[in-house]
Amino acid sequence: MSKINLDNLTTERRNNETTNLDEMTIAEACQKMNREDQKVAAAVEKELPSIEKVIEATIASLKKGGRLIYLGAGTSGRLGVLDAAECVPTFGVAPELVVGLIAGGEKAMTVAVEGAEDSMTLGKQDLVDLTLSDKDMVVGIAASGRTPYVIGALDYANQIGATTATIACNKQAEISAHASLPIEVDCGPEFLTGSTRLKSGTAQKLILNMISTISMVGIGKVYNNLMVDVKATNDKLVERSKRIIMQATEADYQTAAKFFEAAEQNVKLAIVMLLTDSGKEEAQNKLTAGHDFVKAAIGGEG
């Protein structure tokens, strides 16, 4: 097996600010770690133009019936799975619309699966199993920027004609050459040498937040800044749903609750019913005509 060269990876370098980490007081370590974390948002800011392009492409894929598919290994894979899972309750989408794949499968969410990330074929097979199409958006995530699982998957996605993007935490990352829309964020050496679950993981989470949230705005899942497609799967979310209806329509609690039930707990539908003084069926027709955008359904701009 050939030697893996990590010498040029920022994520593997030692941080000169923390060489005496094991001698620091807890207070000193917390302060140092906090200072390092403050560098992350600034590093992500430098990549906003690249992130914008990925979001534009993601919206285009979703609008033509495609899916958003994240894939990675280790921390990177787990973050993708987390972001995908959160889209279901937050935006009311089907679990199949935003998908998170991790090298080694579900078991790898909690236990490392030996050799999975080093396979050039497992990523491809995971996409084959999803019946990848040219409508889909595939985002490969790798802090190191060199994970074979991700590269193999991206090569297959390119072959199929899917749109491909990457998120790496090193400049001139190897995976960038395997995607049409690369994102490379450099947060500097980690607080704990090589521990990419720290600043790199935080940067990846921030970028994934942007991709999923703003893409969902782009397909009508948000009205103003309200989660109008939230699914009321527990008591807290039932109350949040009523509150959203109140905020969107200036209705009182009783009215919001009444329309929430009349709309069969569909927050967006209840809002359109209230704002257009429509029955359930008419409001649904308005939403359909407005391509699922509340503002279009009520006569504004969608």
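We number each residue from 1, following the sequence as shown. As the structure is a computational prediction, the values presented were derived from the model and not from experiment.
Here the side chain of N158 pairs a donor or acceptor atom with the backbone of H178 at under 3.5 angstrom. The closest donor-acceptor contact from the side chain of T249 to the backbone of I245 lies under 3.5 Å. Side-chain N or O atoms of R78 include one that pairs as donor or acceptor with a backbone N or O of A108 at under 3.5 Å. Under the 3.5 Å distance criterion, the side-chain polar atoms of N170 are matched with a main-chain donor or acceptor of A143. Remark: the backbone N or O of T25 is paired with a side-chain donor or acceptor of E28 at under 3.5 angstrom. Distance alone, capped at 3.5 Å, places no donor-acceptor pair between the R197 side chain and the T75 backbone. The backbone N or O of L122 sits less than 3.5 Å from a side-chain atom of S119, completing a donor-acceptor pair. In this structure a side-chain-to-backbone donor-acceptor pair under 3.5 Å is present from D136 to S133. Using modelled atom types, one side-chain atom of D186 and one backbone atom of G188 make a donor-acceptor pair closer than 3.5 Å.
The minimum heavy-atom distance between L132 and A157, with the atom names listed, is CD2-CA, 3.6 Å. The heavy-atom pair separating L154 from A165 by the smallest distance is CD2-O, 3.9 Å. The heavy-atom pair separating A57 from T163 by the smallest distance is CB-CG2, 4.0 Å. Residues Q204 and C169 share a closest heavy-atom pair of CG-SG, 4.0 Å.
To the nearest 0.5 Å, atoms OG1 (T166) and CD1 (I141) are separated by 10.0 Å. Within the model, atoms OG1 of T11 and CG of L198 stand 11.5 Å from one another, a figure rounded to the nearest 0.5 Å. T58 OG1 to K53 NZ: the interatomic distance, rounded to the nearest 0.5 Å, is 14.0 Å. Atom CD of E282 sits about 6.0 Å away from atom OG1 of T276, to the nearest 0.5 Å. Rounded to the nearest 0.5 angstrom, S144 OG and L9 CG are separated by 6.5 Å. The distance from the CE atom of M216 to the OG1 atom of T90 is 9.5 Å, given to the nearest 0.5 Å.
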Query raised in the report: Could you walk me through whether S176 and E184 pass the side-chain hydrogen bond (donor to acceptor under 3.5 Å, both in side chains) check?
Result: CA-CA 8 Å; S176 297; E184 296 180 343; 2.5 Å; yes
Requested in this report: Apply side-chain contact (heavy atoms from CB on, under 4.5 Å) to the pair V138 and L71, showing each step before the final yes or no.
Outcome: CA-CA 8 Å; V138 177; L71 55 91; 3.7 Å; yes
**Report entry** Test side-chain contact (heavy atoms from CB on, under 4.5 Å) applied to V93 and K221, step by step
**Finding:** CA-CA 9 Å; V93 299; K221 296 295 180 181; 3.8 Å; yes
**Report entry** Residue pair N285, E281: steps toward the side-chain hydrogen bond (donor to acceptor under 3.5 Å, both in side chains) verdict
**Finding:** CA-CA 6 Å; N285 290 337; E281 185 175 346; 4.6 Å; no
Report task. Let me see the working for I69 and M137 under side-chain contact (heavy atoms from CB on, under 4.5 Å), right down to the final yes or no. Result -> CA-CA 6 Å; I69 301 168; M137 176 75 185; over 6 Å; no
Report task. Decide yes or no on side-chain hydrogen bond (donor to acceptor under 3.5 Å, both in side chains) for K295 and N224, but give the supporting numbers first. Result -> CA-CA 9 Å; K295 285 189 177 175; N224 294 332; 3.2 Å; yes
Requested in this report: Would you check, one step at a time, whether the test side-chain hydrogen bond (donor to acceptor under 3.5 Å, both in side chains) holds for Y149 with D118?
Outcome: CA-CA 6 Å; Y149 171 84; D118 295 326; over 6 Å; no
Query - Check against side-chain contact (heavy atoms from CB on, under 4.5 Å), Y223 and L275 - result: CA-CA 12 Å; Y223 173 54; L275 292 178; 3.8 Å; yes
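Linking Ile, Leu, Val, Met, Phe, Trp and Tyr residues whenever their side-chain heavy atoms come within less than 4.5 Å leaves M246 and F259 in two separate clusters. In the hydrophobic clustering of ILVMFWY residues, with side-chain heavy atoms under 4.5 Å counting as a link, L62 and I207 come out together. Clustering ILVMFWY residues whenever any of their side-chain heavy atoms sit less than 4.5 angstrom apart, transitively, puts I183 in the very cluster that holds I55. L48 and V139 end up in the same hydrophobic cluster when Ile, Leu, Val, Met, Phe, Trp and Tyr side chains are linked at under 4.5 Å. Hydrophobic clustering (ILVMFWY, side-chain heavy atoms < 4.5 Å, transitive): V81 and F91 are in distinct clusters.
In this structure, I59 and E56 have side chains that are not in contact, with every pair of non-hydrogen atoms separated by 4.5 Å or more. Side-chain contact between Y70 and S76 is absent, with no heavy-atom pair separated by less than 4.5 Å. Looking at heavy atoms from C-beta onward, I214 lies out of side-chain contact with E52 at the 4.5 angstrom threshold. The shortest distance between side-chain heavy atoms of P189 and R14 does not fall below 4.5 Å. Using a 4.5 Å heavy-atom threshold, the side chains of V228 and I244 count as touching. V44 has its side chain within reach of I51: a pair of non-hydrogen atoms, C-beta onward, lies under 4.5 Å apart. In this structure the side chain of V294 reaches within 4.5 angstrom of the side chain of I298, judged on heavy atoms. Contact check for Q125 versus D129: side-chain heavy atoms found under the 4.5 Å cut-off.
For K258, the NZ atom counts as loosely surrounded, since its 6.0 Å shell holds 12 or fewer non-hydrogen atoms of other residues, nucleotides or ligands. In the displayed structure, D235 atom CG is contacted under 6.0 Å by at most 12 heavy atoms of other residues, nucleotides or ligands. Applying the 6.0 Å contact sphere to NZ of K64 captures more than 12 heavy atoms from other residues, nucleotides or ligands.
Between the side chains of T255 and D252, a donor-acceptor pair is found at a separation under 3.5 Å. With hydrogens and angles left out, the side-chain atoms of Q159 and D155 include no donor and acceptor closer than 3.5 Å. The closest side-chain donor-acceptor pair between Q38 and N34 falls under 3.5 angstrom. A donor-acceptor contact closer than 3.5 angstrom links the side chains of E239 and Y253. Counted by atom type alone, E190 and S200 present one or more donor-acceptor pairs between their side chains at under 3.5 Å.
For the side-chain contact (heavy atoms from CB on, under 4.5 Å) test, residues two or more places apart in sequence or in another chain that qualify with N20 are E23, M24.
Salt bridge annotation for E36-K199: present, with a cationic side-chain nitrogen under 4.0 angstrom from a carboxylate oxygen. Of the charged side-chain nitrogens involved, at least one lies within less than 4.0 Å of a carboxylate oxygen, so that E47 and K171 count as a salt-bridged pair.
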Under 3.5 Å donor-acceptor pairs involving side-chain atoms of residues 260-273, not counting sequence neighbours:
residue	atom	partner	partner atom	Å
E264	OE1	K280	NZ	3.4
E264	OE2	K280	NZ	2.7
N266	OD1	K268	N	3.2
N266	OD1	L269	N	2.9
K268	NZ	G220	O	2.8
K268	NZ	D229	OD2	2.8
K268	NZ	D292	O	2.8
K268	NZ	D292	OD2	3.1

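Residue I167 forms a side chain to side chain contact (heavy atoms under 4.5 Å, CB included) with just one option from I211, I175, V54, L79, and that option is I211.
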